[in-house]
Amino acid sequence: WGHPAIGKTYAMEYSRYKDQLMDWDEEFNVNRDNWIAKKTGTIKGTPEFKAVRNEYMINYAQHPDYVEFVKAEWERIKALANSQNKILIASPHMLLDLFGNEFDKILTMEFDDFVDRSKRRGDAVQEAWKIGINEPLAPFKDSDKVITISPDDTFTRLLEYSDVLYANL
């Protein structure tokens with residue numbers, strides 16, 4: 001699991017490891033949107049659809065049918081990544097909450113580092129976002145699988161300079 005804003009997208013698009021990585025969002029989002037549109041009768045792209053999608057994504061625990069859908073997608077995408085011998089990279093909080101014990105590594109960053117990096121990226125509501133990220137991280141704070149990156153690190157840099165990290169992902 002990779003903390004938002006550590007450079008996963010850059011690594012998947014530009015790093016020399018890009019062919020060895022699989023992006024959860026790329027594999028999941030279209031299916032998620034189709035599932036939500038069908039379930040709710042909304043049209044993708046409309047304000048109504050976006051509101052419903054946000055409800056499912058933020059308050060997923062209140063929607064057991066959505067959680068079951070996500071669990072099935074998790075199993076499908078994990079199997080796909082394994083069959084292609086790729087590292088599955090994911091950052092939604094929900095996945096850490098639902099499947100945290102299944103992640104080999106959990107990459108995170110300190111509160112102030114995240115806020116600073118998010119501001120540089122132009123992301124909105126940095127502090128609230130980090131608080132929301134920290135909740136599903138809490139059960140793993142003392143785990144050996146957690147790696148806290150420094151402000152100068154990026155996911156690509158970690159892949160390139162840490163044989164231990166890369167070998168164990």
Side-chain angles (χ1 to χ4, degrees), residues 1-13 15 17-40 52-111 113-114 117-118 123 125-126 128-149 153-156 158-159 162 164-169:
W1 184 86
H3 195 292
I6 64 166
K8 296 175 303 297
T9 301
Y10 180 87
M12 287 184 269
E13 292 177 4
S15 81
Y17 300 101
K18 66 182 179 184
D19 294 333
Q20 299 169 33
L21 305 173
M22 181 175 287
D23 180 11
W24 164 265
D25 288 342
E26 188 173 306
E27 298 297 325
F28 174 73
N29 288 357
V30 169
N31 288 349
R32 176 204 60 209
D33 289 355
N34 289 339
W35 185 92
I36 291 171
K38 183 177 179 182
K39 176 84 174 164
T40 63
V52 171
R53 182 184 61 195
N54 287 344
E55 168 60 24
Y56 276 102
M57 291 171 60
I58 294 168
N59 300 310
Y60 60 89
Q62 297 173 15
H63 302 283
D65 52 343
Y66 180 66
V67 171
E68 288 306 311
F69 167 74
V70 171
K71 287 179 178 180
E73 284 293 289
W74 174 251
E75 293 303 324
R76 179 185 71 79
I77 295 169
K78 272 194 328 183
L80 181 63
N82 285 332
S83 74
Q84 295 179 13
N85 199 29
K86 292 189 175 188
I87 299 167
L88 178 59
I89 305 299
S91 64
H93 316 72
M94 171 183 59
L95 297 180
L96 190 56
D97 186 35
L98 294 173
F99 312 112
N101 290 327
E102 295 184 44
F103 285 101
D104 296 323
K105 299 291 177 197
I106 298 172
L107 306 176
T108 188
M109 64 177 66
E110 297 295 339
F111 189 93
D113 297 336
F114 173 74
R117 189 174 283 185
S118 294
D123 297 330
V125 286
Q126 298 89 4
W129 190 12
K130 179 59 174 158
I131 291 167
I133 292 167
N134 282 352
E135 290 173 13
L137 277 169
F140 304 100
K141 69 177 184 162
D142 296 323
S143 171
D144 291 341
K145 67 170 73 180
V146 175
I147 299 170
T148 301
I149 65 169
D153 284 331
T154 63
F155 187 68
T156 299
L158 290 172
L159 289 172
S162 178
V164 173
L165 172 64
Y166 182 70
N168 291 308
L169 280 174

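Keep in mind that this is a model prediction, so the values were computed, not measured. Values reported hereafter were calculated over all heavy atoms of this structure, with side chains retained and with hydrogens, waters and symmetry mates removed.
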Taking all heavy atoms of [X] and all of [Y], pick out the closest pair and write down the distance.
| X | Y | value |
| --- | --- | --- |
| Ala90 | Pro92 | C-CD, 3.8 Å |
| Phe103 | Leu95 | CE1-O, 3.7 Å |
| Leu88 | Trp74 | CD2-CZ3, 4.1 Å |
| Asn101 | Phe140 | OD1-CE2, 3.3 Å |
| Gly100 | Lys145 | O-NZ, 3.2 Å |
| Lys86 | Leu21 | CD-O, 3.8 Å |

Any side-chain heavy atom of [X] sitting closer than 4.5 Å to one from [Y]?
| X | Y | value |
| --- | --- | --- |
| Thr108 | Thr148 | yes |
| Asp65 | Trp35 | yes |
| Phe28 | Ile77 | yes |
| Lys141 | Val146 | no |

Applying salt bridge (charged side-chain N to carboxylate O under 4.0 Å, His left out), name anything that partners Glu75, two or more places apart in sequence or on another chain. Lys78
Qualifying residues under salt bridge (charged side-chain N to carboxylate O under 4.0 Å, His left out), relative to Asp19, sequence neighbours excluded: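 Here no residue qualifies.
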Between Arg32 and Ile36, is the side-chain contact (heavy atoms from CB on, under 4.5 Å) condition met? List the steps. CA-CA 6 Å; Arg32 176 204 60 209; Ile36 291 171; 3.8 Å; yes
Between [atom1] on residue [X] and [atom2] on residue [Y], distance to nearest 0.5 Å:
| X | Y | atom1 | atom2 | answer |
| --- | --- | --- | --- | --- |
| Ile147 | Leu107 | CD1 | CG | 5.5 Å |
| Tyr60 | Asp97 | OH | CG | 3.0 Å |
| Glu73 | Leu80 | CD | CG | 10.5 Å |
| Glu135 | Leu96 | CD | CG | 11.5 Å |
| Asn29 | Asn34 | CG | CG | 11.0 Å |
| Asn82 | Ile87 | CG | CD1 | 11.5 Å |

For Asn59, is the CG atom crowded, meaning more than 12 foreign heavy atoms sit under 6.0 Å from it?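 Yes, the 6.0 Å shell around CG holds more than 12 heavy atoms from other groups.
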Inspect the surroundings of CG in Asn85 and state if more than 12 heavy atoms from other residues, nucleotides or ligands are less than 6.0 Å away. no
Check Lys71, Lys39, Met94, Glu55 against Tyr66 for a side chain to side chain contact (heavy atoms under 4.5 Å, CB included) and give me the one that passes.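 Of Lys71, Lys39, Met94, Glu55, side chain to side chain contact (heavy atoms under 4.5 Å, CB included) with Tyr66 is met by Met94 alone.
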